Amino acid sequence: MRSVTYSMSVSLDGYIVGPDGDFNWGAPSPDVFRFWIDDIRQVGVHLMGRRLYETMLYWETAEQETSLDEAEREWTALWNPLPKVVFSTTLSSVQGAARLASGSLAEEIERLRAEPGEGEIAIGGATLAAQAADLDLIDEYRAMVYPVLVGGGIPFFPRTERRVDLELVETRTFSSQVVYLRHRVARETARGTES
């Protein structure tokens with residue numbers, strides 16, 4: 001079964017965006033950007049909310065800019081054809097390889113898991129990820145932790161009173177002092193303690 005992953009850049013104090021809506025502290029260094037390029041190769045479909053979709057629209061036309069470097073061109077070549085499902089109550093249309101979600105988040109993930117296809121089902125955006133977490137649909141949490149405290153904003157993790165046990169799968173430290181943390185939800189452990 002295709003796994004559902006949630007990946008975002010996050011401040012050390014746990015936010016994807018600061019209290020003023022700023023996230024420029026999360027601009028990737030060349031080695032972090034290379035990591036994201038390699039990571040997106042494993043994704044079969046990307047689920048996102050309206051805000052992330054609108055932020056990522058830049059890449060739909062970025063290849064027309066002559067100022068893109070080789071890595072940015074490589075990212076664009078991978079990102080643009082990637083199927084995307086956008087969850088929005090305000091958008092009436094989307095561009096490129098995106099489509100508006102026709103069902104609930106649970107229904108979309110169930111349908112995507114049942115369809116033939118390869119690659120992970122990636123979730124981007126804290127609001128959508130919080131909904132998926134509440135429904136226990138996330139299999140892996142992947143945080144690119146930046147050495148900055150922003151003091152508030154939109155949290156990476158949902159603020160629920162539900163415990164989720166995790167297993168550390170991978171860590172990596174980049175030259176920019178950014179640390180990647182990949183955790184898998186420990187479902188077997190949770191089931192074992194319930195019996």
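Values below: all heavy atoms of this structure, side chains included; hydrogens, waters and symmetry mates excluded. Values in this document were obtained by computation on a predicted structure and should not be read as measured data.
Qualifying ring-ring contact (aromatic ring centres under 6.0 Å, His included) partners for Y6, counting only residues two or more places apart in sequence or in other chains: F156. The side chain to side chain donor-acceptor pair (under 3.5 Å) check on T127 picks up R51, with sequence neighbours excluded. R50 pairs by the side-chain contact (heavy atoms from CB on, under 4.5 Å) definition with E54, S88, T90, L91, not counting sequence neighbours. F23 pairs by the ring-ring contact (aromatic ring centres under 6.0 Å, His included) definition with nothing, not counting sequence neighbours. Legend: residues meeting side chain to side chain donor-acceptor pair (under 3.5 Å) with S92, ordered by chain and number and at least two apart, are absent. Qualifying side-chain contact (heavy atoms from CB on, under 4.5 Å) partners for S104, counting only residues two or more places apart in sequence or in other chains: A106, E107. Considering only residues two or more places apart in sequence or on other chains, T89 meets the side-chain contact (heavy atoms from CB on, under 4.5 Å) condition with none of them. Taking the side-chain contact (heavy atoms from CB on, under 4.5 Å) definition, one finds that L181 meets it with V145, T171, V179, H183, sequence neighbours left out. Judged as a salt bridge (Lys or Arg N to Asp or Glu O under 4.0 Å), and not counting sequence neighbours, R172 has no contacts.
No donor-acceptor pair closer than 3.5 Å links the side chain of N80 to the backbone N or O of G96. Not one N or O on the side chain of E60 forms a donor-acceptor pair closer than 3.5 Å with the backbone of L57.
Side-chain heavy atoms closer than 4.5 Å link hydrophobic residues (I, L, V, M, F, W, Y) into clusters, and following such links, even through other members, never connects V169 to V43.
Under a cut-off of 6.0 angstrom, the local environment of CD in E118 is sparse, with at most 12 non-hydrogen atoms contributed by other residues, nucleotides or ligands. Heavy-atom neighbours of E110 CD from other residues, nucleotides or ligands within 6.0 Å: at or below the threshold of 12.
For the salt bridge (charged side-chain N to carboxylate O under 4.0 Å, His left out) condition, the pairs that include at least one residue of residues 73-84, sequence neighbours left out, are R34-E74, R41-E74. Applying the salt bridge (charged side-chain N to carboxylate O under 4.0 Å, His left out) test to pairs two or more places apart or on separate chains, none has a residue in residues 1-14.
If you take OH on Y15 and CG on D22, they are separated by 15.0 Å, rounding to the nearest 0.5 Å.
Two rings, from F174 and Y180, have their centers 6.0 Å or more apart.
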Exercise answer: donor-acceptor pairs, residues 135-144 side-chain atoms, under 3.5 Å, sequence neighbours excluded:
unit_1: D136; atom_1: OD1; unit_2: R187; atom_2: NH1; d: 2.7
unit_1: D136; atom_1: OD2; unit_2: R187; atom_2: NH1; d: 3.2
unit_1: D139; atom_1: OD1; unit_2: R187; atom_2: NE; d: 3.4
unit_1: D139; atom_1: OD1; unit_2: R187; atom_2: NH2; d: 3.0
unit_1: D139; atom_1: OD2; unit_2: V4; atom_2: N; d: 2.7
unit_1: D139; atom_1: OD2; unit_2: R113; atom_2: NH2; d: 2.6
unit_1: E140; atom_1: OE1; unit_2: R142; atom_2: NE; d: 2.9
unit_1: E140; atom_1: OE1; unit_2: R142; atom_2: NH2; d: 2.7
unit_1: E140; atom_1: OE1; unit_2: R182; atom_2: NE; d: 2.7
unit_1: E140; atom_1: OE1; unit_2: R182; atom_2: NH2; d: 3.4
unit_1: E140; atom_1: OE2; unit_2: R182; atom_2: NH2; d: 3.0
unit_1: R142; atom_1: NH1; unit_2: E120; atom_2: OE1; d: 3.0
unit_1: R142; atom_1: NH2; unit_2: E120; atom_2: OE2; d: 2.9

